[in-house]
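Have a look at the structure below before the remarks.
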Number of protein chains: 2
Amino acid sequence: MSLAYVILGLLQQQERTGYDLKSECFDDCIAHLWPADLAQIYRTLDKIEVQGWITCTVEVQYDRPNRKVYRITPTGEEELNQWLRTHQPLPIWREPLLVQLYFAAQLPNEAIIRLLEQEMEARRKKLDECKAHDINSSNDPKVSREEFLQQLVLELVTRREQTYLDWLDEAIEIVRIQPE
Amino acid sequence: MSLAYVILGLLQQQERTGYDLKSECFDDCIAHLWPADLAQIYRTLDKIEVQGWITCTVEVQYDRPNRKVYRITPTGEEELNQWLRTHQPLPIWREPLLVQLYFAAQLPNEAIIRLLEQEMEARRKKLDECKAHDINSSNDPKVSREEFLQQLVLELVTRREQTYLDWLDEAIEIVRIQPE
DNA sequence: TGTTAATATATGATTAATCAGATATAAGAC
DNA sequence: GTCTTATATCTGATTAATCATATATTAACA
């Protein structure tokens, strides 16, 4: 379960509450990497606390709800480090558009093109959002190693979206000249 | 739920049992498009039969278990046609490797490279499997329209895998020269 | 003055997918 | 002669993710 390791990774950076994780990380840069809602975050925190990978201390607040601050334990750090080194099975991709195209012979060209154009619009929007999450560069060598790796990830994501967009462009042109 | 529409599309091609769907389609060309196991196939058949999108007749066999043969209904064809024309929300991709890379600053270069190499091996294998599923070409214009669209799908899948492999190649080279 | 957003945690329900097995017969391999 | 594979259907259990909602206070907005 990768979400547990995403959370471990984030708690290794600094101690956080579930709410912090959501608003600082999962709503921000992690959104494109491993989206998760609060329900899932809270339940995963419970689970890995039981496993002893994190500990929790309650910060009492009087003007707002109390905060449950989580910290990674040595066991958690070891667990994370091991996972980071271990090859994970390839994720399975299921794409509705490809299914639609696969069975689209019964549609007129114009309907197929509309589908492709809508996909293009959605993907362009997503690529822009992704590129907007620019990584600020630092001179601290420890921080710059992190940034370098994050840049690598961003590079793949944008490159792959671009490949998709190029294909969509060509696909639309080819469908346009198909006999019906 | 796209699986229901995959099954509708396959039943529109020809009538089939759940077992046929698995062995002829989901184990073959659909494997890379929308993998599904028998449990899921049978349960989805039940569900869309109740909805009236397919009907079932039992073929009694004496030397083997009876066959429940499913056929698409006019309601089912209309439902499929509508779905095929309707833009579906972009699927969400969660990739363990990207999470690993994102938090990999604590690993030595050599461990990161091992991770990338293992991913490369797995992706190469998958690309080869995909390419092996070659589409036989026909002269029947109705069949060739189907093949053309399936070719388009295959083209995207292979192109995207190639993009991934190229990135992996470059990533390995860059990590190799990173100061630790 | 009333409504919404922000802060903070949590549970319940449902879906989609996966994993494991139960049932039963016949054909083919070793 | 035994074991495995193919044929065929189906249920049970579990996981991961999503959606909706409950609770409670404060601050900002219109």
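Worth saying up front: this structure is predicted, and the values here are computed from it rather than measured. Throughout, a chain's letter reflects where its sequence line sits, starting with A, and its residues are numbered from 1.
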Exercise for review: Whole angstrom is fine here: how far is it from CZ in B/Arg16 over to P in D/dA8?
Suggested key: 14 Å
Review point. Charged N to carboxylate O under 4.0 angstrom, B/Glu95 versus A/Arg160?
Key: yes
Practice item. Give the rounded distance in Å between these two atoms: CG of B/Asp27 and P of D/dT7. Key: 10 Å
Exercise for review: Calculate the interatomic distance between B/Leu21 atom CG and D/dC10 atom C1'; express it in whole Å.
Suggested key: 15 Å
Exercise for review: Let me know, please, whether A/Gln40 or A/Tyr62 comes out on the 5' side of the other along DNA chain D by nearest nucleotide.
Suggested key: A/Gln40
Check your understanding: Choosing from D/dA17, D/dA16, C/dA16, which nucleotide comes nearest the side chain of B/Lys47?
Key -> C/dA16
Practice item. Name the orientation class of the two ring planes belonging to B/Trp93 and A/Tyr164 (parallel below 30°, tilted from 30 to 60°, perpendicular beyond 60°). Key: tilted
Review point. Parallel, tilted or perpendicular: which fits the ring planes of A/Trp53 and A/Tyr5, with parallel below 30° and perpendicular above 60°?
Key: tilted
Review point. Just how far, in rounded Å, is P of D/dA16 from CD1 of A/Ile92?
Key: 14 Å
Revision key, fill the gap. For B/Tyr19, the ring pair (Phe, Tyr, Trp, His ring centres under 6.0 Å) test, sequence neighbours excluded, returns none
Exercise for review: Verify the neighbour count for atom CD of A/Glu121: are there more than 12 heavy atoms of other residues, nucleotides or ligands below 6.0 Å?
Suggested key: no
Review point. What string of B, S and - do you get for nucleotides 8-15 of chain C, 5' to 3', if B is base contact, S is sugar-phosphate-only contact and - is no contact with any protein heavy atom under 4.0 Å?
Key: BBBBBB--
Practice item. Tell me, please, which residues at least two apart from B/Ala111 pass side-chain contact (heavy atoms from CB on, under 4.5 Å). Key: A/Arg85, B/Leu107, B/Pro108
Review point. Separation of B/Arg94 atom CZ from C/dT18 atom P, in whole Å?
Key: 14 Å
Review point. Given atom NZ of B/Lys22 and atom P of D/dT7, what is their separation to the nearest angstrom?
Key: 13 Å
